[in-house]
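Reviewing the structure listed below.
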Amino acid sequence: MFEIAICDNEKYFRQELKQMLAKDMMDRGLVFQIDSFASGEEFTALGIGIVKYTIIFLDIHLENMDGFMTAKKIRAVSKEVFIVFVTEYEDYALQGYKVDAIRYLLKGDLELKSEIHECLDAIIEKMNYKIIKRKFKFKEEEKEISLDRLLYIESKLHKLEFHVMEQDMKIYTMYEKLNKMEQKLDGYGFIRIHQSFLANLKYIKEVKRYKVILNNGIELRIPKARYKQVKDLFIAYQREI
């Protein structure tokens, strides 16, 4: 999942940028979370929590602690997060690259949407991130979905329910056996946590007796016989990322 932070003292621009980013990420079929911060102090107060973010869109003209000082504090914690500077002025581009900013975007640019799209293209390419989509023949419609957006599959009453995050949560159904679907999705980060559940590891927030808790708060049961296997696979996945 792409964790994105926006750090800007203009509330209107925070909302506008969040909408543009959400639209672009949705169009790509990517899983994402966008958090907003009004100051450099607020963001850097996260401390080691900064490392959870993939990208930070950072205003240069923040009050008290400006964007460059904020970026230096970010770099003291994480060398991996992608920093994108956004500002109203062109004069600071060279300074931005001193903290290894990947892009420098102008707020008033009429092409801001396309600049954001190109910026995300560059980040995804650097990450070697591949968007994997598969076409399924659901009862409702034949539909191609991004596997990143498939939270889990539940076997219920002789059919499968696909729980897919789109603009909101959607459920698509088909008549198929979960064992067969497990085989089809083998190698794509899905784990059989129960006879009735196949869950996407990307969405698992926590594994505890005897349930899996997803990032959106949904809880799925784990039978005692599977608990250790599920817990071990989840820990191994966390180490990989």
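Nothing fancy with the numbering, it's 1 onward along the sequence.
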Between [Y] and [X], is there a side-chain heavy-atom distance shorter than 4.5 Å?
X	Y	result
Ile6	Phe13	no
Leu120	Leu21	yes
Asp8	Leu58	no
Val31	Tyr203	yes
Leu185	Ile153	yes
Val207	Leu233	no
Ile102	Ile83	no
Arg134	Leu147	yes

Taking only residues two or more places apart in sequence, or in another chain, which ones meet Glu206 in a side-chain contact (heavy atoms from CB on, under 4.5 Å)? Lys208, Ile213
Output all residues satisfying side-chain contact (heavy atoms from CB on, under 4.5 Å) with Lys137, sequence neighbours left out; order by chain, then residue number. Glu142
Report, as yes or no, whether the 6.0 Å neighbourhood of atom [atom1] on [X] holds more than 12 heavy atoms from other residues, nucleotides or ligands.
X	atom1	answer
Glu140	CD	yes
Glu80	CD	no
Glu219	CD	yes
Met65	CE	yes

Under the rule for salt bridge (charged side-chain N to carboxylate O under 4.0 Å, His left out), what residues qualify as partners of [X], not counting sequence neighbours?
X	result
Asp35	Lys52
Glu182	Arg192
Lys143	Glu166
Glu42	none

Would you give the length of the straight line joining atom [atom1] of [X] to atom [atom2] of [Y], rounded to the nearest 0.5 angstrom?
X	Y	atom1	atom2	answer
Asp59	Leu105	CG	CG	11.5 Å
Asp186	Ile191	CG	CD1	12.0 Å
Cys119	Phe57	SG	CZ	4.5 Å
Thr44	Lys72	OG1	NZ	14.0 Å
His163	Ile171	NE2	CD1	4.5 Å
Thr87	Leu62	OG1	CG	9.5 Å

Do any pairs count as a ring pair (Phe, Tyr, Trp, His ring centres under 6.0 Å) and have a residue in residues 168-192, sequence neighbours left out, and if so which ones? Phe138-Tyr172
Keeping to residues at least two apart or across chains, list the ring pair (Phe, Tyr, Trp, His ring centres under 6.0 Å) pairs with something in residues 26-48. Phe37-Phe43, Phe43-Tyr53
Contacts of Ser196 that satisfy side chain to side chain donor-acceptor pair (under 3.5 Å) - sequence neighbours left out: none
Hydrophobic cluster identity match, [X] and [Y], side-chain contacts under 4.5 Å:
X	Y	value
Phe68	Leu106	yes
Ile56	Ile60	yes
Ile34	Leu112	yes
Leu198	Ile132	yes
Met69	Ile50	no

Steps toward side-chain contact (heavy atoms from CB on, under 4.5 Å) verdict (Met25, Ile4): CA-CA 11 Å; Met25 297 295 278; Ile4 300 172; 4.1 Å; yes
Test ring-ring contact (aromatic ring centres under 6.0 Å, His included) applied to His117 - qualifying residues, sequence neighbours left out: none
State which residues pass ring-ring contact (aromatic ring centres under 6.0 Å, His included) with Phe197; sequence neighbours excluded, sorted by chain then number. His194
Tyr237 vs Ile204, test: side-chain contact (heavy atoms from CB on, under 4.5 Å). Steps then yes/no. CA-CA 10 Å; Tyr237 173 77; Ile204 296 178; over 6 Å; no
For the residue pair Phe162 and Phe136, is the inter-centroid distance of their aromatic rings smaller than 6.0 Å? yes
Indicate, with yes or no, if the rings of Tyr227 and Tyr210 have centres closer together than 6.0 Å. yes
If every non-hydrogen atom of [X] is compared with every non-hydrogen atom of [Y], which pair is closest and at what distance?
X	Y	answer
Ala71	Phe85	CB-CZ, 3.8 Å
Leu160	Met181	CD1-CB, 3.9 Å
Leu220	Ala199	CD1-CB, 4.4 Å
Met174	Lys139	CA-CG, 4.3 Å
Ser146	Gly29	OG-O, 2.6 Å
Gly40	Cys7	N-SG, 3.8 Å

When you measure from the side chain of [X] to the backbone N and O of [Y], does any donor-acceptor pair fall under 3.5 Å?
X	Y	value
Ser114	Glu111	yes
Asn9	His61	yes
Asn200	Leu150	yes
Arg226	Gln229	no

Output every pair passing side chain to side chain donor-acceptor pair (under 3.5 Å) with a member in residues 10-21, not counting sequence neighbours, ordered by first then second residue. Glu10-Lys107
Evaluate the criterion side-chain contact (heavy atoms from CB on, under 4.5 Å) for residue pair Ile116 and Val84; output intermediate values, then yes/no. CA-CA 10 Å; Ile116 288 171; Val84 180; over 6 Å; no
Start with the C-alpha distance between Lys73 and Val77, add both sets of side-chain angles, then the distance that settles side-chain contact (heavy atoms from CB on, under 4.5 Å), and finish with yes or no. CA-CA 7 Å; Lys73 289 183 176 290; Val77 176; over 6 Å; no
Do NZ/NE/NH1/NH2 and the carboxylate oxygens of Arg103 and Glu118 come within less than 4.0 Å? yes
Are Arg28 and Asp121 within salt-bridge range, i.e. N to O under 4.0 Å? yes
